[in-house]
J.: 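Can you keep this structure in mind? I'll have questions shortly.
In what follows, chains are A, B, ... by sequence order, proteins preceding strands, each numbered from 1.
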Amino acid sequence: MCIAKRLMRRSLMLSCVLLMCAYQAQAAVTVRVGLLKELTTLDRNYATVNESLVLSQLTDDGLIYIDPRTLNYEPLLAERYFFKSPTELIVTIRKGVRFHSGALLTADDVVYSLKWAASNEGRTHRRHMLQTWFKSAHVIAPYQVSVRLKYDYPLVLRDLAISVPIRRQGVYQQGGVIDRGAQAFMLDGLGPYRITSFEPGNRILLERFTDYYRDSRKYLGNIDRFEFKMFSNSASMLLAVEHGDVDWSYRLPLDISEFLRALQGMTLVNGTSMRITFLTLGVTGNQRIQEPVLDLLARQAINHAINREVLVRYMLGTGSQTIDAACHPQQLGCPASVKHYDYDVEKARALLAKSSWNRAQELNVWAYQNRHLAEVIVADLKAIGLNVRLRYVSLATLNQARIQGLVQAYIGSWGSGGTPDAAAIANAHWFMESPRNLLNSEGLSARVVAAQSHSDPELRTRQYRDIFSDIADQAYWVPLATVPARYLIADWLSFVPSRDGIARLYEMTDTRSHVND
Amino acid sequence: MIKRLALFAAQRCVLAVLVVLLVSFMTYMVVDVTTDANEAIAGEWVVISHGVETSALSGYREWLFHAIQGSFGESLLWNRSVMSVIEQHLATTLWLTSAALVGALLFSTMLVMTSYLLSNALFSRVLIMVCMVFHALPAFTLGLILIWIFSYKLDWLPASGTLDWHSFILPVLALAFALTPRLVLVMDVTLKQVLSAGFVLQLRSCGVHGWRLWVDHIVVNLLPALLSVVSIQAVHLLTGAVVTESVFSMNGLGRLTLESVVSGDVNMIVALAVLFAVAAVSVDLVVNLLIFAISPHAETRGNLLP
Amino acid sequence: MNIMLFFKHPIAAIKSVSTNRRRLLGLFLLGLLVLANACIDPELARTLHLNNRYVPPIWHMDGQWLHLLGTDHLGRDVLARLLAGAKTSLIVGVFSAMLATTGGVFFGVLLGYLGGGAALMGRFILAVHLAMPALVIMLLMVWFFGDSLLWVVCIIAFIHLPWFLSISQKLTPELIAQDFLSAAVCGRLSIFQIFIREVLPNLLPVIVSLFALEVTAAILTEATLSYLGVGVRGEAASWGGMIADAQSVIIFRPWLTILPALCLFLLSISILCCVRPQRVWKASAL
Amino acid sequence: MITIKSEYEAPLLDVVGLSISNEQGVVLEAVSFSIRAGGSHGLIGNSGSGKTLCCLALVGCLPSGFFISAGDVYVKGQSITASLRSSRGWNSHPECKMVIQNAQDGFNPSRRIGATLRGMLRHLPKADAIRRVEELMPLVGLPPTPAFLQRYPRQLSGGQLQRLCIALAIAQEPALLIVDEPTSALDTVNQLDILALLSSLRTRLGMGVLMISHDSDVMLCHADNVTGLLAGRGLQSTSFDQLQHHPQRDYLFRLLTPARYRVPPLPMHTSRCLIRVQDLLAFRQTGRFWSYKDQWRLAIHELSIHEGEIVAVVGRSGSGKTSLFRALLGLLPIHSGTYHLVDQPADTLSREDRARMIQPVFQSPTRSLNPAKTIQQTLHDALDDPSDKTALLTMLTDVGGSPDWLPRLPSELSGGQQQRVCIARALLAKPKVLLLDEPFSALDASAKGHIIMLLLRLREAYGVTLVLTMHDLLLARHIAHRVVVMDQGSIVEQDNTSTLFAEPKQLATQSILAASIALRGKTAALAEQYSIEDDT
């Protein structure tokens with residue numbers, strides 16, 4: 001008898017072990033993400049490209065969480081937060097949260113991360129913006145931090161959510177020597193996924209962080225591993241997609257997406273984002289060569305010359321809509337009705353004739369991405385008789401040209417980092433200090449600063465309304481359309497796109513049946 | 001003999017250093033004029049920091065001071081020392097270029113020898129015509145066509161990445177094809193010249209022939225011209241790698257150069273330019289020493305350095 | 001065909017040109033190109049029809065007769081753009097080759113004639129040119145100073161000039177050592193006349209054959225430049241630009257990449273046919 | 001059984017009716033001759049008559065496209081025609097070896113001469129090979145020291161290279177040695193040494209020697225009997241003493257005997273002194289860019305040339321003749337000393353005046369005509385006043401050319417015709433002094449005669465002073481009024497012809513004279529014997 005019992009027990013043990021590894025084998029779901037941009041560092045402090053934002057959603061947790069559907073601010077690492085006064089924020093840190101390296105999160109880590117992100121020696125990429133509002137931060141209780149601001153800055157929660165990844169104390173200053181690249185290759189974050197390997201220019205492997213704190217606001221799907229693959233040109237990525245090596249990809253040009261729809265096993269999902277494309281018209285002219293300036297009539301003529309419907313239908317695709325104000329409709333303070341310029345070539349030609357812009361003068365239109373869109377716009381401008389030349393260059397060269405005042409007009413696009421607030425676009429483009437400011441008008445800059453120096457929503461909306469309507473009346477900008485976020489997803493994956501265009505990959509779930517039961 | 005060789009090598013080293021200095025100076029000037037260093041990388045919400053406007057010349061002097069001590073400054077894009085980034089990407093490019101060079105050499109030697117052994121005029125004329133035409137076919141067209149045939153239609157080879165050695169086959173083929181025409185042309189001319197030389201007829205009339213004649217006499221005279229063309233091709237190879245790596249999206253030095261030029265990462269561009277210059281000059285130095293050792297009187301000095 | 005003969009007896013020279021079959025083929029192709037360019041109006045290459053994009057060429061089932069070779073990503077007719085691209089490539093190739101040839105030969109002969117220190121200087125210039133990262137310099141300069149046709153031609157000429165410099169510098173001392181130059185020096189001709197009458201006719205055959213190789217190399221460089229996103233792009237279509245645009249859809253529309261590559265191939269063949277291959281073969285080894 | 005000891009021992013090499021042809025047709029036909037062991041034979045014919053093709057055929061190294069179409073070749077009685085026809089470009093027959101035409105580039109430039117020589121003795125063990133090479137060197141009169149064997153071919157002189165090629169050929173002890181134009185590029189003293197070497201090979205090693213040359217003097221000294229080649233047809237071979245009874249006698253005579261020339265009388269009145277040179281020092285800058293070593297090329301104490309004179313400058317190769325030639329023309333920078341050209345200091349002259357006073361004719365006619373220009377253009381450029389068209393035609397006919405040469409390129413003319421065009425070009429500038437650098441070295445006997453007569457006639461017609469450099473003293477005795485002997489860059493002796501030949505004072509003159517007499521003496525004797533006047 002006992003032999004039989006022993007046999008029974010041993011066979012039971014064996015079966016459950018088998019079940020376990022079976023489960024293990026099946027459960028290990030890997031999602032391969034295809035990126036067109038080469039990520040040079042894992043550290044969110046030193047990367048601005050959108051792809052690094054997507055990666056940091058997986059690996060880093062901020063103090064605040066932005067709900068992808070409602071875009072409201074909710075506590076994440078912070079258990080509770082409240083504004084003791086307009087310029088002081090008290091945050092209580094959640095207990096028992098572990099770093100990927102196993103260390104426990106403390107208030108000192110939060111203070112260190114805030115100080116480092118805003119410090120000059122850190123040279124992080126968002127230090128200028130943080131320095132405008134961050135005064136100081138210090139620990140006031142074992143798990144409580146007080147953050148003091150220079151003035152009642154309305155977007156403090158957004159910055160804490162996106163721009164300040166939390167690092168262990170002193171991680172950048174090993175033994176007194178400042179090493180900004182400490183976290184570049186092996187990241188010690190707090191997010192739901194841990195980095196296992198990083199081959200620059202090739203791929204990044206991520207794995208689910210087992211003891212991620214339970215009561216996190218982030219709704220987690222059932223993906224175990226992520227493999228980020230980086231491609232230098234779209235041809236090689238498409239080959240990989242067609243070959244079945246990529247399950248999720250985004251920011252694909254429109255014409256390729258239509259082809260991809262024909263591929264079996266892949267679906268094309270459209271989502272909104274905060275990005276808009278526009279044509280900025282410089283009024284300062286080129287100080288060095290004293291070229292003539294586009295006057296009001298010429299700018300209005302250009303507004304009438306561009307056929308926005310065609311751009312939306314063919315170049316930007318479904319989910320894109322034409323806009324009149326120089327901001328994204330979802331952003332707080334973006335006025336619904338501003339001066340509308342309809343597409344009318346005859347009116348544009350008449351206006352141009354009346355304006356002081358002489359025909360022979362060559363207008364350099366600069367662009368640094370989406371060459372096809374730029375070519376269509378230039379074609380439209382040529383149609384009304386403007387002598388236009390397209391200068392398609394790299395961003396670095398465009399910046400240099402802008403600083404030297406050579407840029408009269410450039411085609412750009414702005415995603416505001418997913419901020420649902422008009423301040424992000426206004427501050428970057430019309431604030432006197434900003435390198436992107438082609439208008440150099442003191443009045444406008446003062447009104448922009450005033451609009452973002454307090455957090456009363458009604459007043460800010462009124463202020464932004466007359467800023468944007470003023471820009472529309474003076475036709476400083478030619479706002480074109482919103483840019484939808486376009487995702488290419490394998491059929492067995494379910495992914496709901498967020499409203500602000502930042503992809504939350506951790507929400508993805510594998511819908512293949514055998515895994516769920 | 002050794003003393004003359006040493007003198008020759010010393011003279012060439014001095015010139016090599018001079019060349020590298022001049023190249024680094026020119027690159028620094030061009031880069032400083034055309035790309036804005038500090039703001040380029042910062043990207044979206046940056047407010048301009050009015051640092052003191054340093055003149056290009058003082059910038060170069062300061063850069064040189066650091067470079068001599070071996071630190072090429074910090075890359076803005078990678079936030080790490082330039083050298084460590086280069087080391088990471090070095091292996092791929094070394095593998096790609098050396099394999100392509102060896103492949104091109106073997107392939108062109110084989111072609112030239114078959115045209116010599118077949119010794120029929122039509123084959124050699126067709127070979128010359130084909131080489132002259134392929135001399136102008138750009139490497140990236142070749143690369144794209146290879147991708148379309150081998151990795152899309154036939155699905156034999158991966159089209160990108162450097163995960164395993166399979167993905168090296170197509171890029172090496174593309175680069176080798178870009179080099180072969182020039183090598184074949186030069187080898188063919190040199191071979192015909194050496195074979196029509198007087199001493200070959202003399203030796204043949206005295207009964208020396210076949211393998212013995214080639215090994216002892218003909219190869220020794222072929223090498224100087226061949227080596228000097230290889231030194232020039234090696235330089236073209238480095239620039240060719242930029243195009244091939246961007247077509248096959250391999251993370252080598254070429255793609256790193258392109259990325260840093262696009263993103264305006266000043267320190268990285270200048271460091272890479274200096275690295276390419278040092279590589280080109282050292283390849284030529286080695287080639288010249290070899291030529292000098294083989295036949296001290298050879299007029300076909302490596303025409304890179306005087 | 002003796003170049004000097006051409007100046008002296010043009011009719012005889014033309015007759016000798018036309019008898020050579022291979023050269024006829026080359027001139028025929030180039031003539032075809034120029035003719036086609038003349039009869040297709042340049043506007044066709046620039047008008048955008050965003051509604052019918054990526055129309056496949058005629059041999060596909062849903063090809064359109066209006067667009068023989070189909071349309072590209074912005075709906076522009078591919079055949080018109082290939083011809084416009086041919087014009088651009090030829091202009092860039094020929095002019096930059098001419099610039100590089102004249103500059104290189106002039107300085108090369110000067111340095112070769114001066115001998116000694118000047119030769120050393122010439123070789124040093126060549127060393128710096130070969131060690132310089134030509135691609136990086138080209139990219140940065142074209143971006144910043146604008147990609148007008150003239151500027152691209154100058155930059156490509158600048159990159160290819162040292163090759164000619166080194167060749168003519170290697171040839172000149174050999175020519176000077178010949179006795180007929182010493183005889184000419186003892187004659188009554190001035191130094192400049194000697195250069196024109198004695199040195200140049202001997203250099204010309206080599207230079208002409210190198211010129212053909214150089215035109216194809218210049219077209220190649222311009223294609224590489226526009227492939228990397230610089231160079232002559234936009235409305236003045238160039239083949240490198242077309243290949244770069246079509247690269248992203250190579251899987252679905254392979255002909256958009258293969259057609260320009262084929263044109264590059266045919267253009268270099270037609271240019272090389274106009275020159276005697278034996279001389280090009282001998283000159284290429286210099 | 002009676003065994004007849006055959007008196008008649010099979011000849012070393014017996015060629016019967018050999019003929020060579022290529023695609024176009026027969027290039028050389030019906031050549032037959034035979035050489036006994038230890039004997040020597042000559043093949044003579046003017047340039048381009050297929051001499052080289054014939055000997056290449058004998059060793060099986062015919063250039064591609066040529067093949068043996070008829071005839072047989074027997075070596076020691078066995079026929080080797082089959083192996084010659086099937087040879088793939090290299091000599092498979094150990095018995096006969098060959099030395100190619102210009103021995104200067106007969107050695108692998110990138111290899112030491114010892115190594116190349118040892119390369120020929122692969123079948124011997126290494127020690128024996130080295131010993132064999134050391135034995136070989138004294139045979140050809142070269143030092144057998146290891147230091148010499150370590151040298152590269154470019155570090156040797158023309159004569160030494162010629163000897164080395166001979167050593168290379170006899171390394172495997174062949175029975176027959178074929179030598180192609182051994183003496184054409186050497187001066188008289190070296191030529192004599194080579195001929196002595198060949199005869200020593202015949203006597204000491206019992207080797208048969210087949211010599212090919214266009215130079216009749218060398219042939220007379222060397223060969224027992226000779227075979228003529230007339231425009232691709234082999235004549236019947238004969239020995240020198242039965243030359244009388246040979247069917248094509250006069251053609252052979254014209255090949256073998258130089259014409260006799262009458263020296264025009266020296267103008268009595270002491271004419272004007274055209275060129276006066278006093279203690280002239282000239283050098284050629286050599287050495288690398290940084291090590292500036294100058295080499296003395298020329299140290300002339302005193303030289304003066306008068307109008308209407310014919311001056312012969314004689315000296316061994318490397319004795320500075322050509323440097324003097326270039327110094328007088330102004331091509332060689334003059335360090336110090338005075339040089340007056342028609343009573344004016346040469347360096348102050350402008351190029352036009354200098355052109356009207358002195359004009360050169362260089363040594364090799366092919367190199368001194370611009371290959372890319374037609375004769376018409378070359379002559380037109382040399383015209384004194386470009387307007388005068390008729391002068392060009394008259395000059396061309398004067399030098400024996402024809403107007404239909406004008407549209408042709410230099411490459412389409414023969415050596416002699418090119419020489420005439422060079423002379424015409426020089427004279428078109430109406431110079432007072434005509435400098436000729438070794439005008440006769442490249443020509444065969446008959447062409448040499450024509451050019452000499454032409455020069456003398458032109459001197460009469462245009463009243464121009466001739467200065468000729470040559471290395472054959474006997475010829476100088478015939479045509480020159482004054483002879484200048486040079487050695488090691490300076491003038492050793494200068495005197496008018498009769499006194500100099502009466503009692504040559506300097507050692508250098510004596511050695512050159514002795515060599516010339518030894519070499520040329522036989523031909524002169526033959527000429528007297530048959531007293532053939534040259535009719536031009």
J.: Between D:R425 and C:D179 (salt bridge meaning N to carboxylate O under 4.0 Å), is one present in this structure?
T.: no
J.: In this structure, are over 12 heavy atoms from other groups packed under 6.0 Å from C:F107 atom CZ?
T.: no
J.: At a heavy-atom separation under 4.5 Å, does C:L203 approach chain D through its side chain, its backbone, both, or neither?
T.: neither
J.: Out of D:I358, D:V361, D:N370, return the one with the most heavy atom pairs under 4.5 angstrom to chain C.
T.: D:N370
J.: Quick check: closest heavy atoms across C:Q178 and D:R367, and the distance to 0.1 Å?
T.: OE1-CG, 3.7 Å
J.: Of all heavy-atom pairs between D:P371 and C:F180, which one has the smallest distance, and what is that distance?
T.: CD-CE2, 3.7 Å
J.: When you compare the side chain of C:E198 with that of D:K373, does any pair of heavy atoms fall below 4.5 Å?
T.: yes
J.: Is there a donor-acceptor pair closer than 3.5 Å between any side-chain N or O of D:R354 and the backbone N or O of C:C186?
T.: no
J.: Check the surroundings of atom CZ in C:F195: do more than 12 heavy atoms from other residues, nucleotides or ligands lie under 6.0 Å from it?
T.: yes
J.: Closer than 3.5 angstrom, by distance alone: can the side chain of D:R351 be matched with the main-chain N or O of C:S190 as a donor-acceptor pair?
T.: no
J.: Can you establish whether the number of heavy atoms outside D:Y339 located under 6.0 Å from its atom OH is more than 12?
T.: yes
J.: Is there side-chain contact between C:S182 and D:L329, with heavy atoms separated by less than 4.5 Å?
T.: no
J.: Above 12 or not: heavy atoms from other molecules or residues under 6.0 Å from CZ of C:F28?
T.: no
J.: Just jot down the side chain to side chain contact (heavy atoms under 4.5 Å, CB included) partners of C:T172, sequence neighbours excluded, or say none.
T.: C:V109, C:I176
